[in-house]
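The structure under discussion appears below in the form of structure tokens.
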Protein chains: 2
Amino acid sequence: MNDTPPGHALRGDLFSESCPSREVLKHVTSRWGVLLLVALGDGAQRFGELRRKVGGISEKMLAQTLVWLEQDGFVLRIAHPVAPPRVEYRLTPLGEEVSRRLKDLALWIEENLGAMLAARRPPSHALQGS
Amino acid sequence: MNDTPPGHALRGDLFSESCPSREVLKHVTSRWGVLLLVALGDGAQRFGELRRKVGGISEKMLAQTLVWLEQDGFVLRIAHPVAPPRVEYRLTPLGEEVSRRLKDLALWIEENLGAMLAARRPPSHALQGS
DNA sequence: CGGAATCCAAGATGATACTG
DNA sequence: CAGTATCATCTTGGATTCCG
């Protein structure tokens, strides 16, 4: 139990273009990664369940994102060898932790949407945002 | 204190395709949005400073992302009317809050990168991930 | 049902050049 | 310095089709 360095100030690392964390961060914060990880926070679910639960996701991106998350060690894929294929996805301990953080973020945004829309004013200079 | 329904179930909202939160979430979790918000957590900074600080970002995406974040009420743009243009960007109170959450997420990922790489195994079936 | 493969459209991203 | 405009490219995302 070699403890981890406390204030290890890894922060500077993240800003480096070559920081490996960026890849993981990219998967986690990808369009569907966030929603999927939050969704899986409710417990193991099947492919079809997830597709219905996360509105707007296509089968392709669902599969793709699940692979990313599986590779990163956040999601576990459990295939039951039964007649009608049955595959479940569930969070790993690592996944539970990110899921909590993402849920916190997502819920905060939902709850403060009003304040954002109120504060929303046209950009000072120009350029349009989606 | 059941005044604030714990199960305020805004969660289901997020999974809805038409949930307005998705737009904000998209900006916040965009490739550069995360890094920029975390970077601005260190205090107000100028355009050039941010560009140098966040490795790999192009001027275009820096400007673009700043506009998104300004529109969403997370960032304040302060232009000083001086000879050599001087513009500073700083977080709004709202921005400070997301910044904290994103920093938490980013730092957690950095600190657990080892565990992820260790857990990383090829996907059970196929498909390649970035 | 749970994918895999393919084709395609749209948006994100980058490099570069130009301006106030 | 702080952008803006343009063009080229890469990736994301979607629809469809096929398979075990």
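What you see below is based on every heavy atom in this structure, not just the backbone, and it leaves out hydrogens, waters and symmetry mates. Every chain is numbered from 1, with letters handed out A, B, ... down the list of sequences.
Contact record, B/R51 with B/I57: O-CG2, 3.9 Å, taken as the closest heavy-atom pair. Scanning all heavy atoms of the two residues, the minimum distance from B/R46 to B/E88 falls at CG-CG, 3.9 Å. Closest approach of B/T65 to B/M61, counting heavy atoms only: OG1-O, 2.7 Å.
For the pair B/Y89 and D/dC1, the criterion of a side-chain N or O lying under 4.0 Å from OP1 or OP2 is not met. Taking 4.0 angstrom as the limit, A/W32 places a side-chain polar atom (N or O) nearer than this to OP1 or OP2 of D/dG14.
Within residues 44-56 of chain A, the residues having any heavy atom under 4.0 Å from DNA chain D are, by residue number, A/G56.
Relative ring orientation between B/W68 and B/H27 is described as parallel, the plane-to-plane angle staying below 30° on a 0-90° scale split at 30° and 60°.
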Please determine whether side-chain contact (heavy atoms from CB on, under 4.5 Å) holds for the pair B/R77 and B/V87, giving the CA-CA distance in whole Å, both sets of side-chain angles, and the decisive distance to 0.1 Å. CA-CA 7 Å; B/R77 180 179 184 272; B/V87 183; 3.8 Å; yes
Hey, mind stepping through A/Q45 and A/K53 against side-chain contact (heavy atoms from CB on, under 4.5 Å) and telling me if it holds? CA-CA 10 Å; A/Q45 280 153 91; A/K53 185 168 192 171; 3.2 Å; yes
Determine, step by step, whether B/M116 and A/V24 satisfy the side-chain contact (heavy atoms from CB on, under 4.5 Å) criterion, reporting the C-alpha distance in whole Å, the side-chain angles of both residues, the deciding distance to 0.1 Å, and the verdict. CA-CA 9 Å; B/M116 290 171 214; A/V24 175; 3.6 Å; yes
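Atom CD1 in B/I57 sits about 14 Å away from atom P in D/dA2, given to the nearest Å. Taking atom CE on B/M61 and atom C1' on D/dT11, their separation rounds to 13 Å, with Å as the unit. For B/R77 and D/dC1, the CZ to C1' distance is 12 Å, given to the nearest whole Å. Rounded to a whole Å, the CD atom of A/E23 is 14 Å from the C1' atom of D/dT12. Taking atom NZ of residue A/K26 and atom C1' of nucleotide D/dT11, one finds them 7 Å apart after rounding to whole Å. Per the geometry, CD belonging to B/E88 stands 12 Å off P belonging to D/dG3, to the nearest Å. Between B/L62 atom CG and C/dG14 atom P there is a gap of 11 Å when expressed in whole angstrom units. Rounding to whole angstrom units, CD of residue A/Q64 and C1' of C/dT6 are separated by 14 Å.
The side-chain hydrogen bond (donor to acceptor under 3.5 Å, both in side chains) check on B/N112 picks up B/W108, with sequence neighbours excluded. Looking at residues two or more places apart in sequence or on another chain, you find a side-chain contact (heavy atoms from CB on, under 4.5 Å) between A/S21 and A/L14, A/C19, B/I109, B/E110, B/L113.
In summary, A/R101 and A/E97 engage in a salt bridge, as defined by a charged side-chain N under 4.0 Å from a carboxylate O.
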Per-nucleotide protein contact along nucleotides 15-20 of chain D, 5' to 3', at a 4.0 Å heavy-atom cut-off (B base, S sugar-phosphate only, - neither), is B----B
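Comparing the local axis fitted to the first five base pairs of the helix from C/dC1-D/dG20 to C/dG20-D/dC1 with the one fitted to its last five gives a bend of 40°, rounded to 10°.
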For residues 32-41 of chain B, which side-chain N or O atoms pair as donor and acceptor with protein atoms under 3.5 Å away, sequence neighbours left out?
none

